[in-house]
> 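Got a structure for you, questions after.
Bear in mind the structure is a predicted one, so any value in this text is a computation, not a measurement.
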Amino acid sequence: MKIDNNQLLRFTTAGSVDDGKSTLIGRLLYDSKAIFEDQLEAVEITSKRKGHEGVDLALFTDGLKDEREQGITIDVAYRYFTTPKRKFIIADTPGHIQYTRNMVTGASTANAALILIDARHGVIEQTKRHAFIASLLQIPHIIVCINKMDLVDYSEEIYDNIIQQFEEFSSKLYVKDIRFLPISALDGDNVVNRSENMEWFQGAPLLNTLENMHISSDINKIDARFPVQTVLRPQSKEFVDYRGYAGRVASGIFRPGDDVVVLPSGFTSKIKTIDTFEASLMEAYAPMSVSITLEDDIDVSRGDMIVKANNKPTATQEFDAMICWLHKDSARPRAKYTIVHTSNEQKAMIKEVVYKIDINTYGREEDDKSLNMNDISRIKLRTTRPMMIDEYRDNRITGSFILIDDATHETVAAGMIV
């Protein structure tokens with residue numbers, strides 16, 4: 001299968017503390033020659049100062065001073081690298097339970113999740129928590145990297161036992177594609193190069209797996225959604241009467257001549273042209289940023305959504321959502337927040353906390369109605385005006401939102417519509 005050379009793959013890493021996430025990313029960058037000389041020099045100096053014999057690969061991602069001192073990952077570190085086959089963005093997320101919100105943030109846009117398991121310890125509570133969050137966020141592909149195989153003598157039996165442990169609980173989760181890989185991030189086994197120590201494993205190394213992962217079909221190509229970000233009126237001699245609606249295609253495919261509806265007004269028209277800075281296009285699809293012009297001069301503004309006439313999202317002021325509470329201050333009962341959904345902003349109120357989820361057992365806590373930092377809960381929301389929504393499982397763009405506290409202007413929650 002041909003992979004688009006410009007197709008970007010976003011992946012997140014998750015695992016318990018000291019499972020080797022940062023070391024794995026360091027190894028990926030180091031072995032794929034994706035590190036600048038000055039970065040390498042700085043890390044070599046720091047490694048020597050710490051008394052390490054070789055290069056401490058984890059230092060390539062642990063950027064915060066606190067992390068370097070403690071040897072743990074606190075924030076979400078984003079790294080960009082490219083190979084001849086593909087471009088990548090990595091979100092290196094923390095393993096501690098108190099940083100659940102950081103993992104949700106880093107994983108929300110990911111195509112794939114790398115879940116690391118220490119081969120000596122097998123599946124632990126943290127593993128289940130991270131797999132559950134990956135499932136909740138509908139990450140299409142999960143690669144379970146069973147790390148530190150060098151510390152268990154590259155045992156195929158231990159590897160098989162961990163797969164069995166993982167499959168026992170993951171059968172309850174909604175994940176389309178789970179793959180398993182035995183690796184040693186420290187020594188580089190099965191990361192970029194095939195391991196000579198595990199000839200019993202016939203699969204491809206991690207980088208090859210990521211380079212050849214098919215992600216085009218993960219995008220919703222059926223439900224055409226175009227949230228309008230701004231109206232373009234150039235007022236130049238060349239474009240005297242130009243009126244374009246600019247934004248990013250959230251899903252589906254748009255073509256000139258398509259019958260469309262502008263929501264929430266309900267005005268109908270046909271697409272006249274689809275333009276970019278370079279040229280006009282015969283079609284636009286996610287995640288392209290374009291300007292759409294219509295045959296009719298109708299009122300369209302930021303926050304509106306252009307959709308196909310025969311396929312509309314749900315317009316509603318009340319809906320249920322799964323949210324992760326991100327803020328140190330608890331949610332205030334029936335408080336008003338600003339909800340940001342695609343390019344639409346308006347006021348919203350949490351009507352009810354239906355239940356909270358114990359992310360260690362997947363159990364529902366229906367008695368505790370408080371929302372505190374890192375809590376994952378199902379809530380009922382009410383907005384001041386109808387919102388054009390899809391379920392998150394159908395559309396990760398039009399099915400997601402954030403809540404902002406009007407008093408502090410801080411983001412307090414991230415939500416997925418159910």
> State the CD1-CD1 distance between Ile417 and Ile323, to the nearest 0.5 angstrom.
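Atom-to-atom, Ile417:CD1 and Ile323:CD1 are 12.5 Å apart.
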> With no hydrogens and no angle check, do the side chains of Thr398 and Asp390 hold a donor and an acceptor under 3.5 Å apart?
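Asp390 and Thr398 do have a side-chain donor-acceptor pair below 3.5 Å.
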> Quick check: are there more than 12 heavy atoms from other residues, nucleotides or ligands sitting under 6.0 Å from OH of Tyr285?
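Counting neighbours around OH of Tyr285, 12 or fewer heavy atoms of other residues, nucleotides or ligands fall under 6.0 Å, so no.
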> If you measure from CG on Leu206 to CG on Asn193, what distance do you get to the nearest 0.5 Å?
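The CG atom of Asn193 is 11.5 Å from CG of Leu206, to the nearest 0.5 Å.
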> Do Asn372 and Ser370 pair up side chain to side chain, a donor and an acceptor below 3.5 Å, judged on atom types alone?
yes
> More than 12 heavy atoms of other residues, nucleotides or ligands under 6.0 Å from CD1 of Ile222: yes or no?
no
> Between OG1 of Thr314 and CD1 of Ile389, what distance do you get to the nearest 0.5 Å?
5.5 Å
> Parallel, tilted or perpendicular, judged at 30° and 60°: which one describes the rings of Phe201 and Tyr159?
perpendicular
> State the CE-CZ distance between Met416 and Phe401, to the nearest 0.5 angstrom.
8.0 Å
> Got a donor-acceptor contact below 3.5 angstrom from the Asn344 side chain to the Gly303 backbone?
yes
> Can a salt bridge be assigned to the pair Arg86 and Glu211 using a cut-off of 4.0 Å between side-chain N and carboxylate O?
no
> Please determine, by modelled atom types, if Asp406 and Thr338 share a side-chain donor-acceptor pair under 3.5 angstrom.
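Asp406 vs Thr338: donor-acceptor pair found between side chains.
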> Where is the tightest heavy-atom contact between Ala284 and Ile274, given as atom of each residue plus distance?
CB-CG2, 3.8 Å
> Using only heavy-atom distances, determine whether the side chains of Lys85 and Asn212 contain a donor-acceptor pair under 3.5 Å.
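On atom types as modelled, these side chains qualify, holding a pair under 3.5 Å.
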> Are Phe226 and Tyr245 near enough that their ring centres are under 6.0 Å apart?
no
> Hey, is Lys356 close enough to Asp367 for a salt bridge, meaning N to O under 4.0 Å?
no
> Looking at Glu295 and Lys272, is there a salt bridge between them, counting it only when a charged N and a carboxylate O are closer than 4.0 Å?
no
> Looking at every non-hydrogen atom in both residues, tell me the closest pair between Val191 and Ala185 and how far apart they are.
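That closest heavy-atom pairing would be CG2-CA, 4.1 Å.
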> Given Val262, which of Val307, Leu294, Asp296, Asp299 fulfils the side-chain contact (heavy atoms from CB on, under 4.5 Å) condition?
Leu294
> Give a yes or no on whether a salt bridge exists between Lys351 and Glu318, defined as a side-chain N under 4.0 angstrom from a carboxylate O.
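Glu318 and Lys351: salt-bridged.
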> Is it the case that Asp275 and Ser291 place a side-chain donor and acceptor less than 3.5 Å from each other?
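Judged by distance alone, the side chains do not pair up.
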> Could you verify whether a donor N or O on one side chain and an acceptor N or O on the other, from Arg120 and Asn147, lie under 3.5 Å apart?
no
> State, without any angle test, whether Arg302 and Gln229 hold a side-chain donor-acceptor pair at a distance under 3.5 Å.
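Side chains of Arg302 and Gln229: no pair found under 3.5 Å.
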> Do NZ/NE/NH1/NH2 and the carboxylate oxygens of Asp320 and Arg378 come within less than 4.0 Å?
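Yes, charged N to carboxylate O under 4.0 Å.
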> Rounded at 0.5 Å granularity, tell me how far CG in Asp118 sits from CE in Met149.
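So the gap between those two atoms works out to 11.0 Å.
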> How long is the span from the CD1 atom in Ile143 to the CG atom in Leu210, to the nearest 0.5 Å?
4.5 Å
> Looking at Lys221, I want to see if its NZ is surrounded by more than 12 non-hydrogen atoms of other residues, nucleotides or ligands under 6.0 Å.
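Check passes, neighbour count above 12.
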> Check the pair Asp218 / Arg396 against salt bridge (charged side-chain N to carboxylate O under 4.0 Å, His left out), numbers first and verdict last.
CA-CA 10 Å; Asp218 299 336; Arg396 287 173 83 185; over 6 Å; no
> Please answer whether the main-chain N or O of Cys145 pairs with a side-chain N or O of Arg179 as donor and acceptor at a distance below 3.5 Å.
no
> Can you name the nearest heavy-atom pair linking Leu381 to Ala348, along with the distance?
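Nearest pair, atom of Leu381 first, then Ala348: CD2-CB, 4.2 Å.
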> Quick test of your reading of the model: are Lys308 and Asp259 salt-bridged, counting only N-O distances below 4.0 Å?
no
